[in-house]
K.L.:
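Structure below; questions to follow.
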Amino acid sequence: MLRNFFVSFLLSTFALSLSAAEQRSVTFTYANDDLLYWGKSKSEIYDIAIRIDDPALVGKKITGIRALINAYEGVESTSLWLSKELTLEKVGNVKVTVPDTYSSDVVPEKVVLPAYENHPFGQLSVELETPYEITSDGIYVGYSLTVPAVDKGVSLTDGQKFPVIISPSDNPKSLYVRASRDFLKWLPYNDRLEAAAAIYVTLEGDLAEYSVGIKEVSDAIVAADNDFSVDAKLTNFGAVSVSSVGYTYSIAGKTLQGSLDFPDPIVPDLSGETSVSFPIERVSELGDFDLHITIDKVNGEKNDNKLASASCSVSVLPFVPVHRPLVEEFTGTWCGWCPRGYIALELLNEEFGDDVVLAAYHDNDPMQAQDFPLNPDDIGFPSATLNRGAAEDPFYGVGNKGFGMKDEVKASIEKPVLAGIDVEAFWTDEAKTEIDVTAKAIFLEDKHDAGYKVGFLLINNGVTGFGTGWFQSNYFAGQQANYVGTELEVLTNWPKTVPNLVFNDVVVDVDGLMGVEGSIPENVTYNEPYTTKFSYDIEGNEVIQDKDKLYVAAFIINPDGTILNANKVKVDAGTSVKAVDTDAFEVSAEYYDISGARVQSPKTGMYLKVAKMSDGSLRTEKLLKNKS
């Protein structure tokens, strides 16, 4: 069980401490100043550990270990230890952790933080008589404690129920757990609690003044002839805060230099990681390239770090498709919790506009379009899918706090895809009873036995009506105390039954929902446009209200039924927000052979033509030149 403890205080006694004169002593920790407490509310043995195996720390010596626990009394058999492996051995009838490198029994001491004088807690602390030198094999640093059984009728204290102090972290090496009654073996537990153990390790060694390591450089997909950037994470292993770095990088046969300034300097932190983006100059050639980056300078001085270099892959394409996710909501006016889905779609539209495609399926109310596309008993209300993944809440998303769906949509938009789709929709008659739709999908990679399809939906905005079937049930009415300060607070001021509500993104025709068979061939060719024709006959469709607010959504369906990419267009408004520009005219062209080498003019064989268009974009096509 995880309990909030206290938030945002500076644990000064464990903060990074570099001697200005010697620059030899630092404290390593994955924890920060946002602390929580955790436990299983039982009498049992707890073993807690972190792992240190960063190559930059090889050769440094561990001289001390400290840990925070949520009790200075009521626990026993407390110890601090080092171990190369996490090993359990049976002693009597109980399995215990047996450290293979170092162990010391310690007595918890009471610690009082100035900001929390009424809540003292425990500290385990030891100074090693013989410092331990970190090797390339890495080391686990941990502690053990026992919550003893209490007499019948006596309750465990909070400190005994939740003895482990943790801190939010996404580092997988920051928390390993074993509890004698709940976990039969050691488990990496960061992925479950998203937290680090409050363990602090004093290190000594040769510590450079300017030392920045680079790690986790992300691969990139970029458009040719466009400057771009690659994301990376930096760690400051040095003695001073870093306000700038200079770097050298090589790609596509060129070696160039760049620099980054940090408005907020990166403070010394042996376990911390700071996300940055390295600007990279444009690449004209198409293909896949290795990008190698080395940080040469720190604050204008030589970077003294063995991990100053990293590499990633960069795919240079004629264009980068815009990734527009599809959010499909399942709702009904009779559903009292569904207003949070209504608010979610309105906010998503406001936040992302044309960069997201929204579709609301109404069930058992006046806005239901034909047969409901899915079994309501299988999905529940309200619910939603993102790109036709698993059902989740339309507001909270996969979590249970905050506007999680917004974060998921943002992450989906930022994830590159190698296919784009455009769509056009026009009325075919003056009476506006038929709509002709044309979708064009383009893939930037060859695929065999692909199994893609193009799907469609007809959507109406501004739908409203009168009568009980149109009244939206609202269980949020009067619940201000539960939603104050959130995006859902507005619903608490609405009545229990909301009349005259205007509904947007209403699916009014589900033809094309599951895709058009044969719309994309089994073998997909790089940069080849695939056109799909579709039509809607809306004569007699009683759900549609305002034909001037009709939209068509088109999307590429993956073989597993999920959505690869989507787009939308207003009917009779021309083309969609384009994935590939088709209106611009050619102003210049370059040619490349099948190896990616640029040629002056194509002769015999297969070539790739890259044309620069009047709007600055690039358009590519394959050419087969025969002997003349």
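Values below: every heavy atom of this structure, side chains too, minus hydrogens, waters and symmetry copies. Remember, it's a predicted structure, so these values are computed and weren't measured experimentally.
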K.L.:
Report all side-chain donor-acceptor pairs from residues 83-94 shorter than 3.5 Å, counting only partners two or more places apart or in another chain.
P.N.:
| unit_1 | atom_1 | unit_2 | atom_2 | d |
| --- | --- | --- | --- | --- |
| Ser83 | OG | Glu85 | O | 2.4 |
| Ser83 | OG | Asp100 | N | 3.2 |
| Ser83 | OG | Asp100 | OD1 | 3.2 |
| Ser83 | OG | Asp100 | OD2 | 3.4 |

K.L.:
Could you tell me whether the side chains of Asp34 and Ser167 share a donor-acceptor contact shorter than 3.5 Å?
P.N.:
no
K.L.:
Dump the intermediate steps for salt bridge (Lys or Arg N to Asp or Glu O under 4.0 Å) on Glu216 and Lys233, then the final yes or no.
P.N.:
CA-CA 6 Å; Glu216 293 189 31; Lys233 292 184 178 180; 3.6 Å; yes
K.L.:
Which of parallel (below 30°), tilted (30 to 60°) and perpendicular (above 60°) describes Phe162 and Tyr37?
P.N.:
tilted
K.L.:
With a sphere of 6.0 Å drawn around CG of Leu184, does it hold more than 12 non-hydrogen atoms of other residues, nucleotides or ligands?
P.N.:
no
K.L.:
Would you say that Ser241 contacts Ile266 through its side chain, given a criterion of any heavy-atom pair below 4.5 Å between the two side chains?
P.N.:
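When only atoms from C-beta onward are counted, Ile266 and Ser241 do not touch, as no gap falls below 4.5 Å.
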K.L.:
Indicate, with yes or no, if the rings of Phe395 and Phe403 have centres closer together than 6.0 Å.
P.N.:
yes
K.L.:
Kindly write out the residues that satisfy side-chain hydrogen bond (donor to acceptor under 3.5 Å, both in side chains) with Asp393, not counting sequence neighbours, or none if the list is empty.
P.N.:
Arg340
K.L.:
Strictly by modelled atom types, are Asn171 and Ser169 linked by a side-chain donor-acceptor pair under 3.5 Å?
P.N.:
no
K.L.:
Report, as yes or no, whether the 6.0 Å neighbourhood of atom NZ on Lys306 holds more than 12 heavy atoms from other residues, nucleotides or ligands.
P.N.:
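No, the 6.0 Å shell around NZ holds no more than 12 heavy atoms from other groups.
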K.L.:
How about Phe228 and Ile221: do any of their side-chain heavy atoms sit closer than 4.5 Å?
P.N.:
no
K.L.:
Taking Val276 as the fixed residue, which of Val230, Leu260, Asp231, Ile214 is the one that meets the side-chain contact (heavy atoms from CB on, under 4.5 Å) rule?
P.N.:
Leu260
K.L.:
Hey, which of Ile165, Ile69, Val111, Val106 is the one that makes side-chain contact (heavy atoms from CB on, under 4.5 Å) with Gln123?
P.N.:
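Looking at Ile165, Ile69, Val111, Val106, the match for Gln123 under the side-chain contact (heavy atoms from CB on, under 4.5 Å) is Val111.
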K.L.:
Less than 3.5 Å apart, any donor N or O on the side chain of Trp186 or Thr97 sitting next to an acceptor on the other?
P.N.:
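There is such a pair between these side chains.
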K.L.:
Would you indicate whether Glu194, at its atom CD, is surrounded by more than 12 heavy atoms from other residues, nucleotides or ligands within a distance under 6.0 Å?
P.N.:
no
K.L.:
Could you tell me whether the side chain of Asn565 and the main chain of Pro325 form a donor-acceptor pair under 3.5 Å?
P.N.:
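Absent.
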K.L.:
May I ask you to decide whether Asp560 forms a salt bridge with Arg388, counting only side-chain N to carboxylate O separations under 4.0 Å?
P.N.:
no
K.L.:
Distance only, no hydrogens: is a donor on one side chain within 3.5 Å (strictly under) of an acceptor on the other, for Ser104 and Trp81?
P.N.:
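There is no such pair (donor and acceptor under 3.5 Å, judged by atom type) between the side chains of Ser104 and Trp81.
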K.L.:
Between Glu204 and Lys60, is the closest basic N to carboxylate O distance under 4.0 Å?
P.N.:
no
K.L.:
Salt bridge or not for Asp296 and Lys302, using N-O below 4.0 Å?
P.N.:
no
K.L.:
State whether a side-chain donor-acceptor pair under 3.5 Å links Ser174 with Asn190.
P.N.:
yes
K.L.:
Can you label the angle between the Trp337 ring and the Phe476 ring as parallel, tilted or perpendicular, going by 30° and 60°?
P.N.:
perpendicular
K.L.:
According to ring-ring contact (aromatic ring centres under 6.0 Å, His included), who are the partners of Tyr176, at least two apart in sequence or on a separate chain?
P.N.:
Tyr140
K.L.:
Would you call Tyr249 and Thr255 a side-chain contact if the rule is heavy atoms closer than 4.5 Å?
P.N.:
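Tyr249 does not reach Thr255 side chain to side chain.
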K.L.:
State, with a plain yes or no, whether a side-chain heavy atom of Tyr200 is found less than 4.5 Å away from one of Ile65.
P.N.:
no
K.L.:
Throw together a table of side-chain donor-acceptor distances under 3.5 angstrom for residues 307-314, partners on residues two or more places apart or in other chains.
P.N.:
| unit_1 | atom_1 | unit_2 | atom_2 | d |
| --- | --- | --- | --- | --- |
| Ser309 | OG | Thr294 | OG1 | 2.7 |
| Ser311 | OG | His292 | ND1 | 2.7 |

K.L.:
I'd like to know if the side chain of Ser125 and the backbone of Arg66 have a donor-acceptor N/O pair within less than 3.5 Å.
P.N.:
no
K.L.:
Without placing hydrogens or testing angles, list every side-chain donor-acceptor pair under 3.5 Å for residues 406-413, not counting sequence neighbours.
P.N.:
| unit_1 | atom_1 | unit_2 | atom_2 | d |
| --- | --- | --- | --- | --- |
| Glu408 | OE2 | Val398 | N | 2.8 |
| Lys410 | NZ | Glu414 | OE2 | 2.6 |
| Ser412 | OG | Asn387 | ND2 | 3.2 |

K.L.:
Counting neighbours of NZ on Lys42 that are heavy atoms of other residues, nucleotides or ligands and sit closer than 6.0 Å, is the number greater than 12?
P.N.:
yes
K.L.:
Please list, chain by chain and in numerical order, all residues satisfying side-chain contact (heavy atoms from CB on, under 4.5 Å) with Ala179, sequence neighbours excluded.
P.N.:
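Ala179 satisfies side-chain contact (heavy atoms from CB on, under 4.5 Å) with Glu44, Tyr46, Asp182, Phe183 once adjacent residues are dropped.
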